[in-house]
Amino acid sequence: MDSNTRATISKNIRALPPYHQLAFGVMLTERFLPNYFAFHLIEQWGNPMVLLNGIDLLKDIVAQKQHDSEEVQIIDELIEDVTPDMDDFGGNTLASLALDVSSMLYECFSFVRTQDPKHIETTSAIAFDSLSLYVQKRDKYPHDLSLESLEARLGQEPLILREVEFQVSLLQDLAKQAKINHALYISQALAAPNLKFREMARMG
C-alpha cells in the first residue's frame, strides 16, 4: 500500500468520532477471525472463543460508549494467553496470520484505554500486512525480491486493491452513520477477504 493511500485511510479514521473509530477496528478484526480458526484447527492450539468474546465486548463498548476497566483488562490478558508465540511456531505462516488477528484485537483494546487513533491506524496496517503475507506465500514470491519489487507486485495484487477499496468505503459509510448497529457489523463481516482455506492449510 502506497503512502498516499495510507495517509487517506489515516485521515478518514481520525475524522470519525471515537467510538466509530473503534467500530472500524472491530469490523476489520472480525473479518480476519477465520485466519485464527484455520490456525487453531490445523495446529490444535489456542482458543478462538476467547477472541470471539473479545469482539463481543468491544461491540458492547461501542454501543454503550463506556467500558469497565477491570473487565477489559481481564479479557485482554485472556487473549494474550491464546496468542501464538512465534518462538514456538517459527516459520509457521498460519501462526503468523493468527498472531495478526490477536494483534488487531490488542490494538482495539489499547484504543479503548487511550482513544488514540494511532491504534486503529495500526489495526488497518496489520490487515494489509496479513494479506500481504498470505499473497507472498500463496504465490511463492522469491525470497530475494528487493523491497521496491515486492511493493510493486503487491501494489497490483487484486486482494490488496480490494482491501483498500473496502477500508475506504467502510470509513465513508461509518461517517454517515449516527449510530452503529448490528446490521452494519453483519454486512461488513460478509465482505471478508477472499482467503482460501485449502491454501491456508498448506501454509502451516
Chemist: Can you run down the ring pair (Phe, Tyr, Trp, His ring centres under 6.0 Å) pairs that involve residues 104-133, sequence neighbours left out, and say none if there aren't any?
Modeler: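 Counting only pairs at least two positions apart or across chains, no ring pair (Phe, Tyr, Trp, His ring centres under 6.0 Å) contact touches residues 104-133.
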
Chemist: Any chance you could measure Ser10, atom OG, to Ile120, atom CD1, to the nearest 0.5 Å?
Modeler: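 Between Ser10 OG and Ile120 CD1, I get 11.5 Å after rounding to 0.5 Å.
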
Chemist: Only counting residues at least two apart or in another chain, list the ones meeting salt bridge (charged side-chain N to carboxylate O under 4.0 Å, His left out) with Arg153.
Modeler: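 With sequence neighbours excluded, Arg153 shows a salt bridge (charged side-chain N to carboxylate O under 4.0 Å, His left out) to no residue whatsoever.
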
Chemist: Can Ile160 be reached from Leu147 by stepping across I, L, V, M, F, W or Y side chains whose heavy atoms are under 4.5 Å apart?
Modeler: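 Each belongs to a different hydrophobic cluster.
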
Chemist: Mind checking what makes salt bridge (charged side-chain N to carboxylate O under 4.0 Å, His left out) contact with Glu157, not counting sequence neighbours?
Modeler: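 Applying salt bridge (charged side-chain N to carboxylate O under 4.0 Å, His left out) to Glu157 gives Arg138.
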
Chemist: Is there a salt bridge (charged side-chain N to carboxylate O under 4.0 Å, His left out) between Glu121 and Arg14 once you walk through the steps?
Modeler: CA-CA 9 Å; Glu121 293 170 2; Arg14 290 172 179 265; 2.5 Å; yes

Chemist: What is the minimum heavy-atom distance between Leu51 and Val101, and which atoms define it?
Modeler: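 Heavy atoms only, the tightest pair is CD2-CG1, 3.7 Å.
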
Chemist: Test: side-chain hydrogen bond (donor to acceptor under 3.5 Å, both in side chains). Region: residues 168-181. Which pairs qualify, not counting sequence neighbours?
Modeler: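 Passing the test, one end in residues 168-181: no pairs.
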
Chemist: Checking Ser187 side chain against Leu184 main chain: does a donor-acceptor pair fall under 3.5 Å?
Modeler: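 Yes, because the side chain of Ser187 sits within donor-acceptor range (under 3.5 Å) of the backbone of Leu184.
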
Chemist: Under a 3.5 Å distance rule, please check whether Gln115 uses its side chain to pair with a backbone N or O of Val112 as donor and acceptor.
Modeler: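 It does not hold such a pair.
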
Chemist: Name the atoms and distances for all side-chain donor-acceptor pairs under 3.5 Å in residues 74-85, with sequence neighbours left out.
Modeler:
from, atom 1, to, atom 2, distance (Å)
Asp76, OD2, Arg113, NH1, 3.2
Asp76, OD2, Arg113, NH2, 2.9
Glu77, OE2, Gln73, NE2, 2.8
Thr83, OG1, Ile79, O, 2.7
Thr83, OG1, Ser102, OG, 3.2
Asp85, OD1, Asp87, N, 2.8

Chemist: Between Glu165 and Val168, is any pair of side-chain heavy atoms under 4.5 Å apart?
Modeler: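 No. Closest side-chain heavy atoms not under 4.5 Å.
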
Chemist: Could you report the tightest heavy-atom contact between Cys108 and Thr29, atom names first, then the distance?
Modeler: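 Taking Cys108 first and Thr29 second, the nearest heavy atoms are SG-OG1, 3.8 Å.
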
Chemist: Does any pair with a residue in residues 139-150 pass side-chain hydrogen bond (donor to acceptor under 3.5 Å, both in side chains), and if so which ones, sequence neighbours excluded?
Modeler: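 Those involving residues 139-150 are Ser146-Ser149.
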
Chemist: Closest heavy-atom contact between Trp45 and His40?
Modeler: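 Looking at all heavy atoms of both residues, the closest pair is O-ND1, 3.0 Å.
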
Chemist: Please determine whether residues Val72 and Leu52 belong to a single hydrophobic cluster, defined as Ile, Leu, Val, Met, Phe, Trp and Tyr linked transitively by side-chain heavy-atom distances below 4.5 Å.
Modeler: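 Yes, it is one cluster - the side chains of Val72 and Leu52 are joined through contacts under 4.5 Å.
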
Chemist: Which heavy-atom pair separates Gln21 from Ile13 by the least distance, and what is that distance?
Modeler: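 Closest pair (atom of Gln21, atom of Ile13, distance): CG-O, 3.2 Å.
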
Chemist: In Å, rounded to the nearest 0.5 Å, how long is the span from CG of Leu170 to CD1 of Ile9?
Modeler: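 It comes to 10.5 Å.
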
Chemist: Take Leu97 and Phe32 through the side chain to side chain contact (heavy atoms under 4.5 Å, CB included) test and state the conclusion after the steps.
Modeler: CA-CA 9 Å; Leu97 294 173; Phe32 283 82; over 6 Å; no

Chemist: For a quick test of your reading: what N or O donor-acceptor pairs under 3.5 Å do the side chains of residues 58-68 make, sequence neighbours left out?
Modeler:
from, atom 1, to, atom 2, distance (Å)
Lys59, NZ, Glu30, OE1, 3.3
Lys59, NZ, Glu30, OE2, 2.9
Asp68, OD1, Glu70, N, 2.9
Asp68, OD1, Glu71, N, 3.0

Chemist: State whether Lys118 and Glu107 are salt-bridged, where the test is any N-O pair (Lys NZ or Arg NE/NH1/NH2 against Asp/Glu carboxylate O) under 4.0 Å.
Modeler: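 Here Lys118 does not pair with Glu107 in a salt bridge, since their nearest N and O are not under 4.0 Å apart.
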
Chemist: If you define the side chain from C-beta out and look only at heavy atoms, does anything of Leu159 sit under 4.5 Å from Tyr134?
Modeler: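 Sidechains of Tyr134 and Leu159: in contact.
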
Chemist: Are Ser96 and Leu133 close enough that some pair of their side-chain heavy atoms sits under 4.5 Å apart?
Modeler: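 Yes, side chains in contact.
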
Chemist: Which residues pass the side chain to side chain contact (heavy atoms under 4.5 Å, CB included) test with Pro158, sequence neighbours left out?
Modeler: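 Here the qualifying residues are Arg162.
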
Chemist: Kindly write out the residues that satisfy side chain to side chain donor-acceptor pair (under 3.5 Å) with Thr8, not counting sequence neighbours, or none if the list is empty.
Modeler: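 With sequence neighbours excluded, Thr8 shows a side chain to side chain donor-acceptor pair (under 3.5 Å) to no residue whatsoever.
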
Chemist: For Leu94 and Phe89: C-alpha separation, side-chain torsions, deciding distance, then whether side chain to side chain contact (heavy atoms under 4.5 Å, CB included) applies.
Modeler: CA-CA 9 Å; Leu94 284 175; Phe89 295 96; over 6 Å; no

Chemist: Who else is in the cluster with Leu99 when I, L, V, M, F, W and Y are joined by side-chain contacts under 4.5 Å?
Modeler: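 Leu99 clusters with Met86.
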
Chemist: My understanding is that only residues two or more places apart in sequence, or in another chain, count here; which of them pass side chain to side chain donor-acceptor pair (under 3.5 Å) with Gln136?
Modeler: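 Here no residue qualifies.
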
Chemist: Would you mind reporting whether Met27 and Phe166 have side-chain heavy atoms less than 4.5 Å apart?
Modeler: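 Not touching, per the 4.5 Å side-chain cut-off.
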
Chemist: If two hydrophobic side chains count as joined below 4.5 Å and joins carry through other members, does Leu161 share a cluster with Leu131?
Modeler: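 In one cluster with Leu161: Leu131, no.
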
Chemist: Please identify each residue that fulfils side chain to side chain contact (heavy atoms under 4.5 Å, CB included) with Lys11, with sequence neighbours left out.
Modeler: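 Partners of Lys11 by the side chain to side chain contact (heavy atoms under 4.5 Å, CB included) criterion come out as none, since no residue qualifies.
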
Chemist: Classify the ring geometry between Tyr36 and Phe39 as parallel (under 30°), tilted (30 to 60°) or perpendicular (over 60°).
Modeler: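 Perpendicular: the ring planes of Tyr36 and Phe39 meet at over 60°.
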
Chemist: Can you name the nearest heavy-atom pair linking Ser130 to Asn35, along with the distance?
Modeler: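 Here Ser130 and Asn35 meet closest at OG-ND2, 4.0 Å.
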
Chemist: What pair of heavy atoms forms the shortest contact from Gly54 to Leu105, and how long is it?
Modeler: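 Smallest interatomic distance, heavy atoms only, reads C-CD2, 4.4 Å.
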
